[in-house]
Amino acid sequence: MDLSFNAEEIAFREEVRAFLREKVPSDIRDRARIGWSYLPKDDYLRWQKILFDRGWIAPNWPVEYGGPGWNTAQRFIFDEECARADCPRIIPFGVTMVGPVIYTFGTPEQKERFLPRILATEDWWCQGYSERGAGSDLAQVATKARRDGDHYVVNGHKIWTSGAHRANWMFTLVRTDPDAAKPQQGISFLLIDMKTPGVTVKPIISMDGYHYLNEVFLDEVRVPVDCLIGEEGKGWTCAKFLLGNERTGIAGIGRSKGRLERLKEMAGAEADGGGRLIENPSFRKKVAEIETELSALEVTNLRMMAAMSAGRPPGAESSTLKIRGTQIEQELNELLVEAMAYYALPYGPGQVRPDTNEAPIGPDYSVGVMSERLLRRAASIYGGSNEIHKNIIAKAILGL
Ligand SMILES: Cc1cc2nc3c(=O)[nH]c(=O)nc-3n(C[C@H](O)[C@H](O)[C@H](O)COP(=O)(O)OP(=O)(O)OC[C@H]3O[C@@H](n4cnc5c(N)ncnc54)[C@H](O)[C@@H]3O)c2cc1C
């Protein structure tokens, strides 16, 4: 199996690199470097418009719907170069999640209505899957939708809805048949306009002190039936398809490589009392170990991509990438905090918020380190918790 890039792919990397050098606005890059979760909505809109104009907004879409026609290696290179250049991520809820569901299961009218708006980021989507009691065991969703003429009337409560306060649309799982024989049956995939009366969004402040998470209350929300994707009661098929896409790339290798560079930069700087942390053999060993782990993960990822290019579906190996990728990310964040030493203590959420003028405490490069550490504790929970991925590996790979 050949894991190296060919001449065409190397040329592609140069093309992407040159584009990013020229086009990423420096103010957005500076903010994204702190942590792209903290960017204001307008930064995403500006950046996604630049990608849209270049035809690169939807790397995973087929050409017929507006994708660039890249192979897996090109998509990997693109992701890696974007992370390396401190670009904001492409907001996944539209392009990576609901878009592919719509072009795979939607009607021609739904494709025409929603896909161009996703590409142009004219709509901002959020994911209304999780509920209290329906997280890992998603098939337990209890939000109900009853048919009333040419509408569904939706009642229920979604939780952990990232970015719902910014979104104007939510894709969601609702129970249309409470009497179905199995929990996976009788679920439907519905698109809800967030401006519909009866939709209430309430913030959840996460332990980094920031607001991305929400609860969404749905009270007698009337949703036109043309917002149902696929067949009524067959939403589980769309739900699973979407989760498969959500988990692609969740290992965050590009992001971790960027953080490793940051770690080396911080540890290489002159400390307050003189000397450099990187000269400490114990810390140096930790950096070397994590770099080795990350390289091994990257090779595993390349091996999986090479198999996919040869026509083999990703399968349960992607669970290995998710588990190890998030562990490495979290370990790197711990090391960054260690490198920051006492500057980690006076962390205040205001330092990373672009809408305040609170000055950073400590050296500029340390801003965002503590907030990212706190935020990314959740990386082993979202996208399927690591325990669930271990179950998948046990069944599908180890045959237990
Ligand atoms: C930062 C963040 C952002 C999120 N964004 C969204 C979003 O935008 N939209 C959305 O719909 N959801 C979102 N979620 C929700 C996320 O998908 C769920 O948190 C996740 O699926 C776990 O579900 P739960 O929180 O209900 O935990 P539970 O399912 O109750 O799990 C609790 C614990 O038990 C373990 N566990 C559960 N079942 C098993 C099992 N069978 N075997 C072994 N261990 C098990 C889990 O691993 C976990 O440690 C987000 C979550 C976080 C933290």
Side-chain angles (χ1 to χ4, degrees), residues 35-38 44 89-99 101 124-143 154 156-175 183-184 187-192 194 199 201-218 235-236 238-247 250 252 255 316 319 322-323 325-327 329-330 333 349 371-396 398 400:
W36 37 244
S37 313
Y38 303 101
Y44 285 110
R89 67 169 182 171
I90 297 172
I91 294 292
F93 303 106
V95 167
T96 312
M97 297 191 194
V98 76
V101 170
W124 188 286
W125 287 85
C126 64
Q127 177 184 29
Y129 270 26
S130 303
E131 298 179 7
R132 287 176 197 276
S136 301
D137 194 359
L138 190 57
Q140 298 301 329
V141 286
T143 293
V154 183
H157 171 210
K158 296 288 172 180
I159 194 165
W160 310 123
T161 325
S162 305
H165 57 302
R166 290 178 165 181
N168 61 326
W169 280 91
M170 174 170 72
F171 56 88
T172 188
L173 297 177
V174 294
R175 194 161 289 287
Q184 291 81 357
I187 291 175
S188 297
F189 193 98
L190 215 54
L191 311 181
I192 299 183
M194 297 292 276
V199 177
V201 178
K202 292 195 176 163
I204 301 174
I205 305 300
S206 41
M207 67 175 174
D208 57 337
Y210 209 57
H211 172 208
Y212 348 74
L213 296 167
N214 301 276
E215 292 182 86
V216 180
F217 296 87
L218 303 158
W236 191 245
C238 301
K240 278 194 306 183
F241 173 84
L242 185 143
L243 287 177
N245 287 328
E246 182 182 354
R247 286 165 188 175
I250 209 156
R255 188 167 61 231
S319 291
K322 201 271 166 173
I323 296 171
T326 51
Q327 285 170 342
E329 185 177 8
Q330 290 175 344
N333 285 336
S371 55
E372 276 284 306
R373 173 189 174 261
L374 294 174
L375 172 69
R376 302 283 162 209
R377 293 300 307 148
S380 42
I381 299 173
Y382 56 68
S385 75
N386 284 9
E387 289 76 20
I388 295 300
H389 283 285
K390 283 180 187 166
N391 287 349
I392 295 172
I393 292 170
K395 273 195 202 139
L398 305 175
L400 299 173

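Below, all heavy atoms of this structure are taken into account, side chains as well, without hydrogens, waters or symmetry copies. Ligands are counted one by one from 1 in listed order, and the atoms in each one are counted from 1 as well.
- For atom 19 (O) of ligand 1, the nearest non-hydrogen atom from the set Leu213, Val216, Ile381 belongs to Ile381.
- Looking only at heavy atoms of the protein, atom 49 (O) of ligand 1 is closest to Glu387 OE1, 3.5 Å.
- Scanning all heavy atoms of the two residues, the minimum distance from Gln140 to Arg175 falls at C-NH2, 4.2 Å.
- The N/O atoms of Thr161, backbone and side chain alike, include none that comes under 3.5 Å of an N/O atom in ligand 1.
- Looking at Asn391 against ligand 1, only its side chain comes within 4.0 Å, counting heavy atoms.
- The single protein non-hydrogen atom nearest to atom 27 (O) of ligand 1 is Ser136 OG, 4.3 Å, given as residue, atom name and distance.
- Residue-to-ligand polar distances place Ser162 within reach of ligand 1: an N/O pair is separated by less than 3.5 Å.
- At a heavy-atom cutoff of 4.0 Å, ligand 1 is contacted by no atom of Leu375, backbone or side chain.
- Within a 4.0 Å radius of atom 34 (O) of ligand 1, the protein has no heavy atom.
- Between Glu131 and ligand 1, a contact under 3.5 Å exists for no N or O pair.
- At the shortest separation from atom 26 (O) of ligand 1 among protein heavy atoms lies Gly135 CA, 3.3 Å.
- Between Tyr382 and ligand 1, not a single N/O pair is under 3.5 Å apart.
- Using a 4.0 Å cut-off between heavy atoms, Asn386 makes no contact with ligand 1 at all.
- Here the heavy atom of the protein found nearest to atom 39 (C) of ligand 1 is Ile388 CD1, 3.6 Å.
- For atom 30 (O) of ligand 1, the protein comes within 4.0 Å by no heavy atom at all.
- With sequence neighbours left out, the ring pair (Phe, Tyr, Trp, His ring centres under 6.0 Å) criterion links Trp236 to no other residue.
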